[in-house]
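Since the structure comes first, as structure tokens, the remarks are kept for the end.
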Amino acid sequence: MSPFVWSPAPDAPPFPASGYAALADSFARILNTKNDVLLIQGEAVAALEAAAVSLGAPGRRALNLVTSLYGRWFGAWLRRAGVEAVDLVAEPGKPLAAEQVEAALKRGRFDILAVVHAESASGILNPLEAVAALAKAHGALLVVDAVASVGGHELDLTALGADLVVVGPQKALGGQAGASAVAVSPAAWTKIAPSGEAPSILSLADQRALWLEQGRGALPGTPSALEFHALAQSLARVEAEGLAALQERHRRAAAAARAGVLALTGRAWVPPAQASNLVTAARPPEGISAAALLAAAPQGHALTAGVGPGGERLIRLNHTGPRARLETVLGDLAAFASALRALGLPADAGAALAAALEAP
Ligand SMILES: *Cc1c(COP(=O)(O)O)cnc(C)c1O
């Protein structure tokens, strides 16, 4: 291609300064919150790191629930910022139970309780409502990583009373990974570390001083116009489809995937109430590794191994964002069945597809 041909990617027009507030307001509607919503330039792990390091203060204690790599990182960021963070680690690939969280809270005084809502690494769902109630009873700030769950699960911040909630457009909302958001409650603001000597993308206090308190015009720094044009389009698409319809599309795809996997393997990784709507994890039959099953799957299949501790034992069916559709799930189940048959195992693809189609 001639270097003089206009290209929409590098030559994207500036993103209007007046447009950022609308994006934050759109996230606020999706989360049903009146709390401040900050836009963070960078993928959602940057927003998670910003939330963690902004909570740093001497003598502060956190109970950090770990059900994946993201939770592990969050605890490490808290500790780097001077928080005494205790990790409560789940069995690999499994959710934590509210009773485990309650028992851990009884063992100390905690100012912060941090949890990942749904995991795309292992397809599990943590008991967020119960965890939120425990945080309230304990007087702890509730921090939620809702990056994977937003759009795929009900997530009502007003009802939950969550204090710091991190979301991104790149999972169920079907967008790009270059911009993310943090919702900050009034209680959380009282615990946020003040601005430092120089501005930092990881300082929520800076985002407040340089954006919220300046009337929500231009974002501080030099935002990538491309990322914010993409975010605007993703959020507009979500609002056009409707949040309830998007959540229902994920619920339906997940129900179909679970029914199909149960028909094929005779077992479920977690009970339905503990399963995320984003990804369904399946355990290959005894004696078959996930790697062997993936190698036996037909060319072009979209199955993947799990991620993180325990993930190597799991096969994931991804039904997140644009993939949250029955036809995607049916294709994945057919590939799964085909891999089982290639390994000489019995697999009734017809029964699996029928079970998926009949799942309510
Ligand atoms: C995807 C995801 C993130 C963000 O990861 P990125 O690498 O920034 O896309 C954070 N938390 C959870 C639970 C996720 O699934």
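Note: hydrogens, waters and symmetry copies are ignored here, and every other heavy atom, side chains too, is used. We're numbering straight along the sequence, starting at 1.
For His250, the ring pair (Phe, Tyr, Trp, His ring centres under 6.0 Å) criterion is met by no residue, not counting sequence neighbours. Every residue was checked against the ring pair (Phe, Tyr, Trp, His ring centres under 6.0 Å) condition with His138, not counting sequence neighbours, and none meets it. Residues that satisfy the salt bridge (charged side-chain N to carboxylate O under 4.0 Å, His left out) test with Glu49, not counting sequence neighbours, are Arg80. For Glu248, the salt bridge (charged side-chain N to carboxylate O under 4.0 Å, His left out) partners are Arg251, not counting sequence neighbours. Glu239 pairs by the salt bridge (charged side-chain N to carboxylate O under 4.0 Å, His left out) definition with Arg29, not counting sequence neighbours. With sequence neighbours left out, Glu241 forms a salt bridge (charged side-chain N to carboxylate O under 4.0 Å, His left out) with Arg249.
The nearest pair of heavy atoms linking Ala230 to Gln176 is CB-CG, 4.0 Å. Across all their heavy atoms, Ala162 and Ser185 have their closest contact at O-CB, 4.2 Å. The shortest non-hydrogen separation linking Ala218 to Trp211 is O-CD1, 3.4 Å. Looking at every heavy atom in both residues, Gly168 comes nearest to Ser180 through CA-CB, 4.2 Å. For the pair Pro298 and Ala335, the tightest heavy-atom approach, listed with the atom from each and the gap, is CD-O, 3.6 Å. Smallest separation of non-hydrogen atoms from Ala57 and Val83: N-CG2, 4.2 Å.
Considering only heavy atoms from C-beta on, Leu128 comes within 4.5 Å of Leu155 through its side chain. The shortest distance between side-chain heavy atoms of Leu55 and Lys191 falls below 4.5 Å. Within the 4.5 Å cutoff, no side-chain heavy atoms of Asp163 are placed close to those of Val143. Between Leu204 and Trp189 the shortest side-chain heavy-atom distance falls below 4.5 Å. In this structure the side chain of Leu23 reaches within 4.5 angstrom of the side chain of Phe15, judged on heavy atoms. Leu235 is not listed as a side-chain neighbour of Pro169, based on a closest heavy-atom distance of 4.5 Å or more. Contact check for Asn126 versus Leu65: no side-chain heavy atoms found under the 4.5 Å cut-off. When side chains are defined from C-beta on, His153 counts as touching Ser276, because their heavy atoms get closer than 4.5 Å.
How far CG of Asn32 is from CG of Asp156: 4.0 Å, rounded to the nearest 0.5 Å. The structure places CG of Leu173 at 9.0 Å from OG of Ser26, a figure rounded to the nearest 0.5 Å. Note: Phe27 CZ to Asn35 CG = 15.0 Å, rounded to the nearest 0.5 Å. Once rounded to the nearest 0.5 Å, the distance linking CD1 of Ile288 with CG of Leu293 reads 7.5 Å. Considering CD1 of Ile124 and CG of Leu314, their distance stands at 11.5 Å, rounded to 0.5 Å. Taking CG of Leu294 as the reference point, atom CZ of Phe336 lies at 9.0 Å (rounded to 0.5 Å).
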(request) Using the side chain to side chain contact (heavy atoms under 4.5 Å, CB included) rule, take Val37 and Val167 through it: C-alpha gap first, then chi angles, then the decisive distance, then the call. (result) CA-CA 10 Å; Val37 174; Val167 292; over 6 Å; no
(message) Would Phe228 and Leu219 count as a side chain to side chain contact (heavy atoms under 4.5 Å, CB included) here? Give the steps.
(response) CA-CA 11 Å; Phe228 286 95; Leu219 285 188; 3.5 Å; yes
(message) Set out, in order, the CA-CA distance, both residues' side-chain angles and the distance that settles side chain to side chain contact (heavy atoms under 4.5 Å, CB included) for Gln170 and Val147, then state yes or no.
(response) CA-CA 8 Å; Gln170 74 270 37; Val147 178; 4.1 Å; yes
(message) Applying side chain to side chain contact (heavy atoms under 4.5 Å, CB included) to Val166 and Val182, what does each step give before you reach the verdict?
(response) CA-CA 5 Å; Val166 175; Val182 189; 4.2 Å; yes
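Under a hydrophobic-cluster definition in which Ile, Leu, Val, Met, Phe, Trp and Tyr are linked whenever side-chain heavy atoms come within less than 4.5 Å, directly or via other members, Val279 and Leu330 are assigned to different clusters. Each of Leu210 and Leu212 belongs to its own hydrophobic cluster when Ile, Leu, Val, Met, Phe, Trp and Tyr are linked at side-chain heavy-atom distances under 4.5 angstrom. Hydrophobic clustering places Leu333 together with Leu345 (ILVMFWY residues linked when any side-chain heavy atoms are closer than 4.5 Å, directly or through intermediates). Residue Leu96 is not grouped with residue Leu125 when hydrophobic side chains (ILVMFWY) are merged at heavy-atom distances under 4.5 angstrom, including chains of intermediate members. At a threshold of 4.5 Å between side-chain heavy atoms, the hydrophobic network of Ile, Leu, Val, Met, Phe, Trp and Tyr places Leu164 and Leu78 in one connected group.
Annotation: ring-ring contact (aromatic ring centres under 6.0 Å, His included) contacts involving residues 281-306, sequence neighbours excluded, are absent. Note on residues 314-330: pairs passing side chain to side chain donor-acceptor pair (under 3.5 Å), not counting sequence neighbours, are Thr280-His319, Thr304-Arg316, Asn318-Thr320, Arg323-Asp332. Pairs passing the side chain to side chain donor-acceptor pair (under 3.5 Å) check and including a residue from residues 214-237, sequence neighbours excluded, read Asp25-Arg216.
At distances below 3.5 Å, not a single donor-acceptor pair connects side-chain atoms of Ser54 with backbone N or O atoms of Ala51. Asp11 places no side-chain N or O within 3.5 Å of a backbone atom of Trp6 that could act as its donor or acceptor partner.
Residues Ser195 and Asp206 have side chains that bring a donor and an acceptor to within less than 3.5 angstrom of each other.
Below 30°, between 30° and 60°, or above 60°: for Trp73 and Tyr70 the angle between ring planes is above 60°, a perpendicular geometry.
Around atom CZ of Arg79, more than 12 heavy atoms belonging to other residues, nucleotides or ligands sit under 6.0 Å away.
Cluster note: Val89 groups with Val66 through ILVMFWY side-chain heavy atoms spaced under 4.5 Å, whether in direct contact or through intervening members.
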For residues 260-275, dump all side-chain donor-acceptor pairs below 3.5 Å to protein atoms at least two apart in sequence or in another chain.
from	atom 1	to	atom 2	distance (Å)
Thr265	OG1	Val261	O	2.9
Thr265	OG1	Arg267	N	3.3
Thr265	OG1	Arg267	O	3.0
Arg267	NH1	Glu286	OE2	2.9
Arg267	NH2	Pro284	O	2.5
Trp269	NE1	Gly93	O	2.9

With a cut-off of 3.5 Å and sequence neighbours excluded, list every side-chain donor-acceptor pair involving residues 108-116.
from	atom 1	to	atom 2	distance (Å)
Arg109	NH1	Asp111	OD1	2.9
Arg109	NH1	Asp111	OD2	3.1
Asp111	OD2	Arg61	N	2.7

